[in-house]
Amino acid sequence: MRITTWNVNSIRTRVDRVIAFLERSGTDVLAMQEIKCKPEQFPAQAFEEAGYHVAVHGLNQWNGVAVASRLPIVEVRQEFPAQPTWGDPAVVEARALGVTVEDEAGQRTTVWSLYVPNGRELDNPHYPYKLEWLAALRAEAKMWLEADPNARIALVGDWNIAPFDHDVWDMAAFEGATHVSEAERAAFFAFAEDGWAEVTRERVDNYTYWDYQKLRFPKNEGMRIDFIYASPALAEAVRSAEIDRNERKGKGASDHVPVIVDVD
DNA sequence: ATGGCCCGCTCAGCGGGA
């Protein structure tokens with residue numbers, strides 16, 4: 001089974017490109033972030049015609065997550081329990097969608113499509129929101145592992161954190177910025193303490209994001225911020241991982257590229 | 001080469017992205 005996560009930066013703008021990727025890559029389950037639309041605006045028909053079921057969680061033009069699957073979807077969860085709110089009035093944003101699929105043998109796999117808050121600046125309220133969001137997710141996810149140690153669960157998406165200095169092109173450019181702070185990195189690595197394994201790091205070395213501005217892509221000035229954390233049972237089944245850098249090329253590209261894993 | 005911001009919403013300017 002091939003699982004891909006991709007921050008598509010508006011599905012309505014990019015639907016043809018996403019469908020072409022699905023067919024070319026042979027992805028079975030695609031977790032999307034930043035779909036930037038409501039469910040009724042999601043181009044579901046294009047996915048269905050390509051042979052995919054879809055689950056969509058979107059409130060407005062901000063954020064939004066979705067999952068497309070060739071395997072039947074047997075359970076969908078919008079938000080995770082105790083997901084922190086943002087704004088006034090307080091809203092549980094569309095940043096998490098848990099989809100369970102079932103293969104021909106009856107084996108179930110749950111993929112959480114996650115769009116971690118950006119944080120904006122270190123002195124912006126969005127930054128503590130980001131840290132609280134990650135801590136709340138960690139607490140919930142730990143309970144999922146405890147409830148079923150053999151569960152196949154993937155926490156995938158745009159984590160908006162560069163865990164290591166070499167995950168950005170130049171640390172000097174991130175002096176005092178979010179994405180590289182010690183607190184964010186600690187929040188990211190904390191998942192590993194509970195048994196989650198980030199399964200792409202040891203198999204592929206590349207950035208997953210290049211800013212649209214300042215010729216970041218031609219200069220290969222990118223960031224590695226999209227990751228796949230797997231439960232112990234799923235991590236054991238991972239066979240390979242890829243980052244499809246070619247998807248950043250050409251007109252009409254998202255600023256993120258697909259991150260792919262193959263699991264037995 | 002892979003190219004100099006791009007998205008949605010509302011209509012020219014802005015909030016958000018990282």
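Every chain is numbered from 1 and lettered A, B, ... according to where its sequence line falls, protein lines coming before strand lines.
Whole-Å rounding puts the A/Asn63 CG to B/dG15 P distance at 17 Å. Per the geometry, CD1 belonging to A/Ile35 stands 16 Å off C1' belonging to B/dG16, to the nearest Å. Rounded to whole angstrom, the span from the NE2 atom of A/His126 across to the P atom of B/dA18 amounts to 10 Å. Following rounding to the nearest Å, A/Arg95 (CZ) and B/dG17 (C1') show an atom-to-atom distance of 10 Å. Atom-to-atom, NE2 of A/His256 to P of B/dC5 comes out at 17 Å; the value is rounded to the nearest Å. In this entry the distance linking CG of A/Asn60 with C1' of B/dG16 reads 12 Å, nearest Å. Rounded to a whole Å, the CG atom of A/Asp211 is 9 Å from the C1' atom of B/dC6. In this structure, A/Arg12 atom CZ and B/dC6 atom P are separated by 18 Å, rounded to whole Å.
Between A/Lys142 and A/Glu140, no side-chain nitrogen of the basic residue sits less than 4.0 Å from a carboxylate oxygen of the acidic one, so the salt-bridge criterion is not met. Taking 4.0 Å as the cut-off between side-chain N and carboxylate O, A/Asp148 and A/Arg108 do not count as a salt-bridged pair. Salt bridge annotation for A/Arg24-A/Asp244: present, with a cationic side-chain nitrogen under 4.0 angstrom from a carboxylate oxygen. Between A/Arg239 and A/Asp262 no salt bridge is recorded (no basic side-chain N to carboxylate O distance below 4.0 Å).
Comparing B/dG8 with B/dG4, their C1' atoms are spaced 23 Å from each other, to the whole Å. Using P as the reference atom, B/dA18 and B/dC6 are 16 Å apart when rounded to the nearest Å.
Within the cation-pi definition used here (under 6.0 Å to the ring centroid, within 45° of the axis), A/Arg138 does not qualify as a partner of A/Phe191. For the pair A/Arg224 and A/Tyr207, the cation does not sit on the ring face, since its NZ or CZ is not both under 6.0 Å from the ring centre and inside 45° of the axis.
Listed nucleotides: B/dT2, B/dA18, B/dC9. Nearest to the side chain of A/Met223: B/dA18. Ranking B/dT2, B/dA18, B/dC7 by closeness to the A/Asn118 side chain, first place goes to B/dA18. The side chain of A/Tyr212 has B/dG17 as its nearest neighbour among B/dC9, B/dG15, B/dG17. Closest to the A/Asn160 side chain, of the nucleotides B/dG17, B/dG15, B/dA18, is B/dA18. Of the candidate nucleotides B/dT2, B/dA18, B/dG16, B/dA18 has the atom lying nearest to any side-chain atom of A/Tyr209. Of the candidate nucleotides B/dC9, B/dG16, B/dA18, B/dA18 has the atom lying nearest to any side-chain atom of A/His179. For A/Arg14, the side-chain atoms get nearest to B/dC7 when compared with the rest of B/dC7, B/dC9, B/dG17. Comparing B/dC5, B/dA18, B/dG8 against the side chain of A/Ser10 picks out B/dG8 as the nearest. Distances were taken from every side-chain heavy atom of A/Tyr115 (C-beta onward) to each of B/dG8, B/dG17, B/dG4; the shortest belongs to B/dG17. Among the nucleotides B/dA18, B/dC7, B/dC9, the one closest to the side chain of A/Thr13 is B/dC7.
Among the heavy atoms of the strands, none lies under 4.0 Å from A/Gly119. Looking at heavy-atom distances under 4.0 Å, A/Gln213 makes contact with a base. If you check every strand for non-hydrogen atoms under 4.0 Å, A/Trp210 touches nothing. If you check every strand for non-hydrogen atoms under 4.0 Å, A/Lys214 touches sugar and phosphate atoms only.
Against DNA chain B, the stretch residues 169-178 of chain A makes no heavy-atom approach under 4.0 Å.
A distance-only check finds a donor-acceptor pair linking the side chain of A/Arg17 to the backbone of A/Glu247 [under 3.5 Å].
Nearest-nucleotide assignment on DNA chain B puts the 5′-proximal partner with A/Gly252, out of A/Asp158 and A/Gly252. Taking for each of A/Cys37 and A/Ile225 the nucleotide of DNA chain B with the nearest heavy atom, the 5'-most of the two is the partner of A/Cys37.
The aromatic rings of A/Phe188 and A/Tyr229 lie tilted to each other, with the angle between the two planes from 30° to 60°. Note: A/His166 and A/Phe164 have parallel aromatic rings, judged against thresholds of 30 and 60 degrees for the angle between ring planes.
For the OP1/OP2 pair of B/dG17 and a distance below 4.0 Å, the side-chain nitrogens and oxygens of A/Arg120 include at least one atom meeting the criterion.
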